[in-house]
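Proteins get letters first, then strands, A, B, ... in listed order; numbering begins at 1 in each.
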Amino acid sequence: MGKKYQEYKQLDLTAINKDIFKYWEENNIFENSLKLRQGSKEFIFYEGPPSANGQPGIHHVMARAIKDIFCRYKSLKGYYVARKAGWDTHGLPVELGVEKNLGITKEDIGKNISVDDYNAACRAEVMKYKDLWDRLTKEMGYWVDLENPYITFKNEYIETLWFLIGELYNKGLLYKGYTIQPFSPAAGTGLSSHELNMPGCYKDVKDTTMVAQFKIKSDEYKEAYFIAWTTTPWTLPSNTALAVGTNIDYVWVDTFNPYSAKPITIILGKPLMNSFFSEESKDSPMEYNQNDKVLPYRVIKECKGKELVGMEYEQLLPWVKPQEGAFRVIGGDFVTTDDGTGIVHIAPTFGADDDRVAKQSGIPPLVLIDKEGKRQPMVDRSGKFFKIEELDNDFVENNINRELYSQFEGKYVKNAFDSKLTEKDISLDIEIALLLKQENKAFKIEKHIHNYPHCWRTDKPILYYPLDSWFIRTTALKDRMIELNKTINWKPESTGTGRFGNWLENLVDWNLSRSRYWGTPLPIWRTEDGKEEICITSVEMLSNEIGKSIAKGYMEENKYSSKDYNNFDLHRPYIDDVILVSSKGEKMIRETDLIDVWFDSGAMPYAQVHYPFECSENELKKNFPADFIAEGVDQTRGWFFTLHAISTLVFDSVAFKNVVSNGLVLDKNGNKMSKRLGNGVNPFEVIEKYGADATRWYMVSNSQPWENLKFDIEGVDEVRRKLFGTLYNTYSFFALYANIDSFEYKEAEINYEERPEIDRWILSELNSLIKMVDSSYNEYEPTRAARAIGNFVDEYLSNWYVRLCRRRFWKGEYTNDKISAYQTLYTCLEVISQLMSPIAPFFADRLFLDLNNVTRRYKSNDNSSISSVHHTDFPKVDEKLQDKALEERMQLAQKICSMVLSLRKRNNLKVRQPLQKIMIPTPNQEFIFQIESVEKLILSEVNVKKIEFLSPQNNILIKKAKANFKTLGPKYGQKMKAIALSLEQLSQDRISEIERDGKIYIDINGEKIELLTSDVDIVTQDIPGWVVLNEGNITVALDTTITESLLREAIARELVNRIQNIRKDKNFEITDFINVEIEYNSLLEQTIEEYRDYITGETLTQELSLVRKSDNFSLFMGNHKMESVSKIDVIEGIELEINISKV
RNA sequence: AGUCUCGUAGCUCAGUUGGUUAGAGCACUACACUGAUAAUGUAGGGGUCGGCGGUUCAAAUCCGCCCGAGACUACCA
């Protein structure tokens, strides 16, 4: 006696999830899946490192499901798929988390907390939620090696980064420069362009903006002003130039200052007149009082922008004297007349364009000199105006107007930077605006909503600020990067060509520097004058250089000489203590910058294997480039870019060949999930409630991964019911009967040719499915695969194959037909478990193991039963079993059945009522042939005795001719409409003519047109006297006559149905035999006489008797108790008592 | 502001190279079925395929403009 198939009371995906997880853990299923493929061809996968200092969300389940699906698929296909986990451990989020925990700001570092302690805190912070992440990884069934992850803060990892930076340095791709950069005073750091491009950084903010008046130096005009608009009035004290568009028309306008009512002349771009003056006030008298609504004006002169270039004006806010050459009008190619005044205020220290155009025109920036003699913009790094005491004494003496500047020194330029201020307080912008208003220098002050960049971590505004920085000259290899990108298979393609491609086209140099503490230090040491420098490319080199330094007496000990990397730390502050010696014997100090954390993650292909120190180039090539990576689309400019940049720059190669970038996971209303809205979905709760399989399946099947997913928990439940519920039912059905018959797949395979049509059909569909799913996975189209599997399970397997084959399982002897049915259904279930295993790894394994533990069809080398579906080979398509014609036939059968059922419904004829026949008009013998081979299925499904075919010649048919637009369209073009109309009106005779002759001539506007059979679709529309349904090219007629004999047959079936129901009510086993007594009725007597065998056979009845019921109940035969008597309603109006008992 | 993606039933999505009744599931309503039963079937309602224009004999499909959503880019005054 063999094993039994496991039977379950109900489907519990969460329990399956947990059981299988435990089973995997206990039996090392993941490790063994790797061992199994050792030595096979490798499929290289890179895990994008998450940062464990934040909690995982539901979108991480999405991204990781995608990764897992393809790694599992490739593993089934025979590849060795190493999956090394990784952790991103550097960067601002970590530092900010620490600052929050310790209640410090960056200014406290080194003062109130030692840099040492600070770094230690960072190390702890980095892995804050590691346990939670590991839990999610496991619970969602993501197979990745959590035991040996790469960690970006390890010395080995950093050493590889130094090596890579050295490569760039030696190729001349690394340089130090200064540019106006986005700078976050709140975070105290410059921001890279990809940080600035993090989603949500640009926000609409309401700021005070003003149009300021810059007084023209002129003898001719006493009160003439250029007017310029700014959204950042705090930059006005740093103004040193005005820019005009050389080809733009400007007007000189006599008018009044709206605040002071003084008469003035202003210059502005002609197209912008409307935003300051209304057409009607053109002729108003030149009189103006404060608060008048109408501002009168006269245009007195027009000129081109180039005529204005070179004009000088007075400094707007003469707080600080700049160098010579300031306060001139210059030409700027970026000036537009879309908004503002057509004249742009230029503050070279606070705008990238400003800086560029000022340099071109020889305009000096407005700079201060601090106590150390360094040139500084007017604003310091915390976002406030420098205090006078912080500045060089001589400079203050010669250049600063103490009286004016002292009112503003130390003020923050944005309230957000000042912990003492809120958004409601008066901002510096407003103060400056009010000051200028008093001085008759403000033409217009208003609140304005505009898009302004914010720091992605602190959420506070950024400033554009001049900073020293190290850059990677990515622009030098821009073309190569573009070229290599074309070889990458992007999913979706548009992300690669569009988003990523455009980004490469507009590439700027990569700003590598970060002024922070916790990160990879820039390995460059410089002499004080910057004339000599060295780039350290390994720990060994560092140690050697330190040796020289010790010899020179600059250092006392060498902490970096150990071979054991646990004995030292390459991080700040330790590395800052290293002083090296230049070739000329001068001290060299490390450049204090850290490098961009994105460099960390972009370098992971090399750093995870500690290239080139513990890994040769040949070994590296075994793990590079990746065959496949996947992350959210938000990584396009992040990880995807840095991987691509480093691999191109250093190795002249792509870093990945295939990439799937998945979309965002939104809430069910399409809103972004955020803590603020509280609409986030907790992944642990979802997995706990519905299991990882349903969650994963929902995410993958609902929409393409690169579309945004509107996550609706109802959808997960629907997947549970529709897919897993159906599949579970199908398995349960199989298990129930297979256990009764002890089917263990021990018999030889029934020959394909000997299997019934329906078995051959489902096997054909199954093989088509394998092919479809295989190619979908292979093309990184998981949605297509999931939908195909779902459709097969629901439509084909459950609702057609099992439904039609039920009798084969529960009736009769253990014949070849029955074995064929078992084998076929078993095969389907087994293959489904394999096909679905990448997406639903737990459920698939449960299903597979439940099957295989009985049959042991899959065995390991040691002849024991194989221990997981994930250890099998992906099913192979058997093309011999694919029979397209058969698939079509079955589709036809399904359609005809559905039509007949529909006819029954309309005519109120229950399926249990047998009917005599259906009639189907057929255009040709081929069609008859097709239907004949599925005839039995149709007849039994719709409970009809026979199918009659009506030949086209049959003249009772009413037919309709329709134009075949596809063939006629190209031939007749404009005449199409007339032809179509004419065909629709064709008489029955004329239609017969086409059928007989194979062609017909019709007359369109006097022109004779020949139409062939192929140009015309002829459809039977009606058969007079019959109930008819017509769909597409199929027509079905139903004979609705119910004869006496058909009625009796119906009664017999009703009776079987009632007896079965009672059996079930009484909880009899399906194998129990019964005795049945029914109250006498003449109609029944005849029926039972005729159908006794059928009834008793169906219901396992030993004795079936009709009993006359007298006036009292005592006449019931036998000794059965009264309670077992039920009443049944056999057919309408006849209610009888029935008594059923077990034998 | 620009670039890209998208807009089909109340909801989630299909819809081949343009071809004439625009589909499925969910939800809703009614009816049926019932040794798979917390399953299933049939029928029904529900769509000017975002809008307008164009190309074409023929447009959900191709083109242009506009509206709306999202992502990305952006020094934007």
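Among the nucleotides B/A14, B/A39, B/G41, the one closest to any side-chain atom of A/L901 is B/G41. You'll find that the side chain of A/T730 is closest to B/A36, out of B/C76, B/A36, B/U42. Comparing B/A77, B/A74, B/A36 by their closest approach to the side chain of A/W503 singles out B/A74. Considering only side-chain atoms of A/Q10, the nucleotide from B/A38, B/A77, B/A14 that sits closest is B/A38. You'll find that the side chain of A/N708 is closest to B/G70, out of B/A36, B/G70, B/A14. Side-chain atoms of A/F965 lie closest to B/G19 of the nucleotides B/U73, B/G19, B/A36.
The side chain of A/Y728 places no N or O atom within less than 4.0 Å of a non-bridging phosphate oxygen (OP1 or OP2) of B/A39. Considering only side-chain N and O atoms, A/T231 lies under 4.0 angstrom from the phosphate OP1 or OP2 of B/A77. At least one side-chain nitrogen or oxygen of A/N702 sits closer than 4.0 Å to the OP1 or OP2 atom of B/C13. Taking only side-chain nitrogens and oxygens, A/Y737 comes nearer than 4.0 Å to OP1 or OP2 of B/A36. One finds a side-chain N or O of A/N799 lying less than 4.0 angstrom from the OP1 or OP2 phosphate oxygen of B/G41. Of the side-chain N and O atoms in A/S703, one or more sit less than 4.0 angstrom from OP1 or OP2 of B/C13.
One interatomic measurement links the two molecules: CD of A/E707 to P of B/A71, which rounds to 14 Å at whole-angstrom precision. Across the protein-nucleic acid pair, A/L504 atom CG and B/C72 atom P stand 17 Å apart, rounded to whole Å. In this structure, CD1 of A/I713 is placed 16 Å from P of B/A27, rounded to the nearest angstrom. Atoms NZ (A/K710) and C1' (B/C13) sit 11 Å apart, rounded to a whole Å. Following rounding to the nearest Å, A/R1053 (CZ) and B/C33 (C1') show an atom-to-atom distance of 12 Å. The interatomic distance linking A/K895 (NZ) with B/G23 (P) rounds to 11 Å, in whole Å. Note: CG (A/N739) to P (B/A36) measures 15 Å, nearest angstrom. In this structure, A/E714 atom CD and B/A27 atom C1' are separated by 10 Å, rounded to whole Å.
Looking at residues 715-722 of chain A, you'll see A/E718, A/R721, A/K722 sit with a heavy atom under 4.0 Å from some atom of RNA chain B.
In this structure, A/Y464 and A/P182 have side chains that are in contact, with non-hydrogen atoms separated by less than 4.5 Å.
In this pair, A/F641 and A/W503 present their aromatic rings perpendicular. The plane angle is above 60°, beyond the 30 to 60° band. Ring planes of A/Y822 and A/F809: perpendicular class, angle over 60° (limits at 30 and 60°).
The gap from the P atom of B/C11 to that of B/G53 amounts to 26 Å, rounded to the nearest Å. Annotation: B/U40 and B/U20 have their P atoms spaced 33 Å apart (nearest Å). Here, B/A60 and B/A9 have their P atoms 15 Å apart, quoted to the whole Å. Separating the C1' atom of B/U61 from that of B/C49 is a span of 10 Å, rounded to the nearest Å. Between the P atoms of B/A27 and B/G41, the separation comes to 12 Å (whole Å). Remark: the separation of the C1' atoms in B/C62 and B/A1 is 28 Å, to the nearest Å. Using atom C1' as the reference point in both B/U42 and B/G7, the two lie 33 Å apart (nearest Å). Atom name C1', nucleotides B/A77 and B/C4: the rounded distance is 27 Å, in whole Å.
Ring to ring, A/Y801 and A/Y796 are not that close: their centroids are 6.0 angstrom or more apart. Annotation: A/F500 is not in aromatic contact with A/F640 [ring centroid separation under 6.0 Å not met].
A 3.5 Å limit on both hydrogen-bonding distances identifies no Watson-Crick or G-U partner for B/C49. Applying the Watson-Crick and G-U wobble criteria (two distances, each under 3.5 Å), B/G23 pairs with B/C13. Base pairing of B/U29: its partner is B/A43, meeting the Watson-Crick or G-U wobble criterion (both donor-acceptor distances under 3.5 Å). For B/A74, there is no paired base (Watson-Crick or G-U wobble, both distances below 3.5 Å). B/A38 is unpaired under the Watson-Crick or G-U wobble criterion, no partner having all donor-acceptor distances under 3.5 Å. Pairing for B/A59 is absent, judged as Watson-Crick or G-U wobble with the two contacts each under 3.5 Å. The partner of B/U5, taking Watson-Crick or G-U wobble pairs whose two distances both stay under 3.5 Å, is B/A69.
Salt bridge absent: A/E779 and A/K491 never bring a charged side-chain N and a carboxylate O closer than 4.0 Å. Between A/K447 and A/D207 there is no salt bridge, since no side-chain nitrogen of the basic residue lies less than 4.0 Å from a carboxylate oxygen of the acidic one.
Nucleic acid contact for A/R803: base, since at least one base atom lies under 4.0 Å from a heavy atom of the residue. Looking at heavy-atom distances under 4.0 Å, A/T726 makes no contact with the nucleic acid at all. A/N791 comes within 4.0 angstrom of nothing in the nucleic acid, heavy atoms only. Among the atoms of the strands shown, only primed sugar atoms or phosphate atoms (P, OP1, OP2) are found under 4.0 Å from some heavy atom of A/L664.
For the pair A/L797 and A/H345, both in contact range of RNA chain B, the more 5′-proximal nearest nucleotide belongs to A/L797. Nearer to the 5' terminus of RNA chain B, by closest-nucleotide assignment, is the contact made by A/D712 (compared with the other of A/D712 and A/A228).
Between the side chains of A/W490 and A/N485, at least one donor N or O lies within less than 3.5 Å of an accepting N or O. A side-chain N or O of A/T232 and one of A/T235 form a donor-acceptor pair less than 3.5 Å apart.
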Worksheet entry | Working for side-chain contact (heavy atoms from CB on, under 4.5 Å), residues A/L797 and A/T730 | CA-CA 8 Å; A/L797 190 61; A/T730 307; 4.0 Å; yes
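Taking the ring pair (Phe, Tyr, Trp, His ring centres under 6.0 Å) definition, one finds that A/Y698 meets it with A/F711, sequence neighbours left out.
A/T209 contributes no side-chain N or O that forms a donor-acceptor pair with the base of B/A77 under 3.5 Å.
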